[in-house]
There are 2 protein chains.
Amino acid sequence: MLCLTTEAALLKALAHPTRLCILQVLAQEEACVCHLTAVTGQRQANISQHLTVLREAGLVQDRRDGVLVYYRLADPRLWEALALLCEVGCAACERPLRSVPHSPVPGCPCPKCKV
Amino acid sequence: MLCLTTEAALLKALAHPTRLCILQVLAQEEACVCHLTAVTGQRQANISQHLTVLREAGLVQDRRDGVLVYYRLADPRLWEALALLCEVGCAACERPLRSVPHSPVPGCPCPKCKV
DNA sequence: TCCAAATATTCGCTATATCGAATATAATAA
DNA sequence: TTATTATATTCGATATAGCGAATATTTGGA
């Protein structure tokens, strides 16, 4: 049997609604943790955990700017490839999987959300 | 937060080495359960369980021919889309994710393996 | 009808994922 | 240095996935 554990691990890292939401935001542009926290409505520790999963899977990269840590997609084509797979694999999915425009999130303290 | 639970469920159904192996075989041509069991080296009940996951996710369809049940991809483009995602998402993946030619498996009783 | 083979299902156990809460760490400013 | 804010980590509890074993179901043939 051909071993597809590496590919399965990649898919497992993708297989969570919150992580997909994070990737959807990052597909637009890089974002800091507090922004992702505000957008998703999840707790900060939870987002940090999900980001760790994504980072260890090699899907995102991060850079620190002062006290903020910005995350970005490791490969900008990721969301496009995901949208294609969802379109092919899933009749019930939003079709096509859409991108979300960046917009300031109330309550998010990051510079991109400060008016 | 945009709800991506449907997409996450699809990815979760894909996120297992044995299920990927099944899909890899089915990408070539339809196959019966006993063939998939022989190819993967897993137990019959286990393969049947994985096939149930794939079927309920809408990824495969089945047809009965006598005592045999043949499974096929619901969408023939699935493997191609998966290969693209793996290439984009994962530097460590086999690149590109290859297809496997059909070949008779010793010990498989299905007609396609009988010489 | 009875049996054998292919496939599906159920059950119980173990492993893993997820999450909240609490805490730790890092960077900047006072 | 101390305080504050953003982020990361750890821990414990709960939920879910995965698997083997046993059993049920389906089909065709004797």
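The chains referred to below are lettered A, B, ... by the order of the sequence lines, with proteins before strands, and numbering in each begins at 1.
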Rounded distance (Å) that lies between atom P of dT18(C) and atom CG of L54(A): 11 Å

With a cut-off of less than 4.0 Å, is there a side-chain N or O of H16(B) near OP1 or OP2 of dC19(D)? yes

Spacing between E56(A) atom CD and dA17(C) atom C1', to the nearest angstrom: 14 Å

Short side-chain N/O contact from H50(B) to OP1 or OP2 of dA17(D), under 4.0 Å: no

Selection residues 47-70 of chain A - residue pairs positive for salt bridge (charged side-chain N to carboxylate O under 4.0 Å, His left out), sequence neighbours left out: E30(A)-R63(A)

With sequence neighbours left out, write down each residue that passes side-chain contact (heavy atoms from CB on, under 4.5 Å) with T37(B), or none if nothing qualifies. V33(B), Q44(B), I47(B)

How would you list all residue pairs meeting ring-ring contact (aromatic ring centres under 6.0 Å, His included) that involve residues 3-22 of chain B, not counting sequence neighbours? H16(B)-H50(B)

So which pairs with a foot in residues 25-48 of chain A pass ring-ring contact (aromatic ring centres under 6.0 Å, His included), sequence neighbours left out? H35(A)-H102(A)

Give the rounded distance in Å between these two atoms: CD of Q42(B) and C1' of dG18(D). 11 Å

Nucleotide dT18(C), atom P - distance to CD1 of I22(A) in whole Å: 12 Å

R43(A) CZ - dA22(C) C1' separation (whole Å): 12 Å

When every nucleotide of nucleotides 3-11 of chain C is labelled 5' to 3' by its protein contacts under 4.0 Å (heavy atoms), B for base, S for sugar-phosphate only, - for none, what sequence of letters results? ---SBBBB-

For R43(B), the salt bridge (charged side-chain N to carboxylate O under 4.0 Å, His left out) test, sequence neighbours excluded, returns none

Could you state whether V69(A) and L59(A) fall into the same hydrophobic cluster, counting links through intermediate Ile, Leu, Val, Met, Phe, Trp or Tyr residues with side-chain heavy atoms under 4.5 angstrom apart? yes

